[in-house]
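The chains referred to below are lettered A, B, ... by the order of the sequence lines, with proteins before strands, and numbering in each begins at 1. From a predicted model like this one, the values you see are computed outputs, not experimental measurements.
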Amino acid sequence: MPARQRGKPVVDLSQLNPRQKEAAKYVDGPLLVLAGAGSGKTSVITRKIAYLIGVCGIKSYHIAAVTFTNKAAREMKERVMSLVGKGGAKGLTVSTFHNLGLNIIRHELTTAGYKNGFSILDQDDCKGIIRDVMHREHGDDGDMIELVQNAISNLKNDLIAPDHAIKVASTPQELLIAQTYSVYQRMLKAYNAVDFDDLIMVPTVLFRDHPEVLTRWQKKIRYLLVDEYQDTNTSQYELVKLLVGHRTGLTVVGDDDQSIYAWRGARPENLSLLKKDFPTLKIVKLEQNYRSTGLILNAANRVIDNNPHEFEKKLWSDMGYGDPIKILKCRNDEVEAERIATEIVERRLRYGCGYRDFAVLYRGNHQSRVIEMKLQAYQVPYKLSGGQSFFGRNEIKDIMGYLRLLINPTDDAAFLRVINTPRREIGPTTIEKLGEYAAMRGISMMAATTEMGLEQQLMPKALDRLRRFGHWLEGITRNAYTDDPVAAVKEMISDIDYEGYLLQNSGTPNQAERRMKNVWFLVDSISKMISKAEELGDECTIEDAVSKLILRDMMEQQEKEDEADQVQLMTLHASKGLEFPHVYIMGMEEELMPHRNSIEADTIEEERRLMYVGITRAKRTLTLTYAGKRRQFGEAMDTTHSRFLDELPPDDIVWEGKTETSAEEQKQRGQETLSSLRNMLADF
DNA sequence: TCTTGGTCCTTTTTT
DNA sequence: AGGACCAAGA
């Protein structure tokens, strides 16, 4: 726009260093930005988007930025908005891969072979379907379900169709997997449903088979930016390649050292494949770190040096050396947690910082238990993030089941979840007969409830109950679509007296109340989503809202919690992309970090990257802890400290308790901490 | 149909 | 240690 002609830069790139500036301004061809941890890659992406809009004159409508998490997408969108204003970012796409895929399927619904009101199944639902299929087709005991589900996911990520999988299967097990995959996929189609992997695979296959559809999307998306590129899987990369085609509008940002999702199909080698697939690829490296102290960065570099590297890169920082890294050996897991808790209390006072400045990271979600207990004991507020905490809750799954059935009556998985919850006196026999009938007629179970022809199969009483349910839900559905959807949902919840059900089935009334609060929170999220969309002039139907919920895209919860002054508890995986002044990594033991499965599967390099991610989260101090004895399955087991601790530069480390500290000494150490704590409190 | 008690298994990471 | 699942009783 004219601003540029007046000689005033529309986009301010002055805060970027030369490398960053180069990456932001290079638009003549495909670009790979190798961005080390803390090197300001989000600044580069957001400013590049601003540059594309403000200087290159590309309409925001034609730009898409893709990330992996909702949180990252949200943050990116906010930062772009603050750069170019709300108006300037109008129509800009900033979303997760899965959301983009969902969008594409929505727009190309019939071509993709789906009907209106399809649902997205989460992993639990899919597992249920696979369990059914394997039970029915192979009489399987259920021991292989997880394995098969994983294998199917991998096949999908690699864009392998069921019949092809059957054709190339070379072992009985592979054949079993392929056959299950085939039936599973047919069932999804029958349910008019997709799973997470389909959200990527379906659009990709669609683009491949329908050039006219692809052309339409290529016209829409003229510049594509991909964040965390090392996390893309084959089908995601294929989607990117198809969308970009022979054009130049592609910037990808990634760091091979932070590839920690190979276990779910990510292909870090996509980074080097880029060079082959786009011969004119330009590479820019961002190596200055703006986050951590020199010692922390040095430690990270030393650890990751033990991995082979395709792209050489050396992170540096000019933020001073900082404090040495602490390693604490504790007697057992309880002492470990206690130590962390007391240290946080002490340091908060010493540094005068907030609880929010501390993060405790661990390998597996179950490890949060001990530290939670100790933080509670010291009355330290904390926020546990990640896990399936919210969506894994039964009350949420119940209500989500109703919602899914509302938008897609053919969703049998949802039907089965809710048909007798709360109790409607519809037992297994009735359900089984209904299922048989539905299968025979080739219709969904929901549709079968209100059909004539069931009379011969069922007792009149059972029949009546089924029909009542069917008609009732039909009514609610009508209301949800014609009336206020939120009111319809509320009506539904009160109709089934869900609150009463919870009261009856929760241990304590208190628990029931908490669960009900979760339900209202869910309803509230829907209502907020709809009103927010209206504000922006978008439409958000109940379907949109439910899909967003399934994809865990809920804005409000996050925002509220971000403001609270709480210690952050999360897995190492969940910590990627975040930073904290003071970081604790607990459980630095062989078999735990690196995890036993990774040792057995020989994927130590990925574990090392996980370690690297953890270390590079820290801005000021880093503390690594491990326990000499750890309770495992109820029994205290001796442990060995993690090999990664030996990879740290010894001179930059204070290792407490490495040489067998006697119980005596441990005790004394505890006393010291306690008395210093007391002094500190006295000062206040 | 709902409750109870016993047994067995668990713990990697997630859109 | 704790949760999930299943078999047997009220």
| request: Considering only NZ, NE, NH1 and NH2 on the basic side and carboxylate oxygens on the acidic side, decide whether A/D158 and A/R267 come within less than 4.0 Å. | output: yes

| For the pair made of CD in A/E334 and P in C/dA1, what is the distance, rounded to whole Å? | 11 Å

| For atom NE2 of A/H366, is the number of surrounding heavy atoms from other residues, nucleotides or ligands below 6.0 Å larger than 12? | yes

| field | Among C/dG2, B/dT11, B/dT15, the one nearest A/H98 by side-chain distance | value | B/dT15

| said: How many whole angstroms separate atom CE of A/M570 from atom C1' of B/dT14? | reply: 15 Å

| request: Nearest whole angstrom, please: distance from the P of B/dT11 to the CE of A/M637. | output: 16 Å

| field | Nucleotide B/dT13, atom P - distance to CD of A/E146 in whole Å | value | 11 Å

| Ion pair check, A/E334 and A/K629, cut-off under 4.0 Å | no

| query | How long is the line joining CZ of A/F68 and C1' of B/dT14, in whole Å? | reply | 12 Å

| note | Shortest non-hydrogen pair, A/N157 vs A/G265, comes out as ND2-CA, 4.1 Å

Enumerate all atom pairs, one protein N or O and one N or O from nucleotides 7-10 of chain B, separated by less than 3.5 Å.
none

| task | State whether A/E606 and A/R609 are salt-bridged, where the test is any N-O pair (Lys NZ or Arg NE/NH1/NH2 against Asp/Glu carboxylate O) under 4.0 Å. | result | yes

Restricting both atoms to N or O, compile the protein contacts to nucleotides 1-4 of chain B shorter than 3.5 Å, with distance only.
residue: B/dC2; atom: OP1; partner: A/R423; partner atom: NE; Å: 3.4
residue: B/dC2; atom: OP2; partner: A/R423; partner atom: NE; Å: 2.8

| task | Would you please confirm or rule out a distance under 4.0 Å between OP1 or OP2 of B/dT14 and any side-chain N or O of A/T69? | result | no

| query | What pairs with A/Y184 under side chain to side chain donor-acceptor pair (under 3.5 Å), at least two apart in sequence or on another chain? | reply | A/D195

| Between C1' of B/dT14 and CD of A/E228, the distance in whole Å | 14 Å

| said: On the nucleotide B/dT14, are OP1 or OP2 found under 4.0 Å from the side-chain N or O atoms that A/N365 carries? | reply: yes

| message | Which nucleotide wins on minimum distance to the side chain of A/T96, given the candidates B/dT15, B/dT14, C/dA1? | response | B/dT15

| query | Within a strict 4.5 Å, meaning less than it, do heavy atoms of the A/L416 and A/I431 side chains meet? | reply | yes

| request: Please measure how far the P atom in B/dT13 lies from the corresponding atom in C/dA4, and state the result in whole Å. | output: 15 Å

| field | Closest to the A/R369 side chain, choosing from B/dT15, C/dG3, B/dT13 | value | C/dG3

| query | Is A/Q367 side chain donor-acceptor paired with the B/dT11 base, going by distance under 3.5 Å alone? | reply | no

| request: Could you check if a side-chain atom of A/Q185 sits within less than 4.5 angstrom of a side-chain atom of A/D198, using non-hydrogen atoms only? | output: yes

| task | Return the value, rounded to whole Å, for the distance between atom NE2 of A/H366 and atom C1' of C/dA1. | result | 13 Å

| request: Identify whether the distance between the nearest side-chain nitrogen and carboxylate oxygen of A/K548 and A/D544 falls below 4.0 Å. | output: no

| said: Students often get this wrong, so: under 4.0 angstrom with heavy atoms, is A/F196 touching a base, only sugar-phosphate, or nothing? | reply: base

| request: Compare side-chain N and O positions of A/N70 against OP1 and OP2 of B/dT15 and report whether any pair is under 4.0 Å apart. | output: no

| Over how many whole Å does the gap from A/N154 atom CG to B/dT14 atom C1' extend? | 14 Å

| said: Looking at A/D398 and A/R515, is any side-chain nitrogen of the basic one under 4.0 Å from a carboxylate oxygen of the acidic one? | reply: no

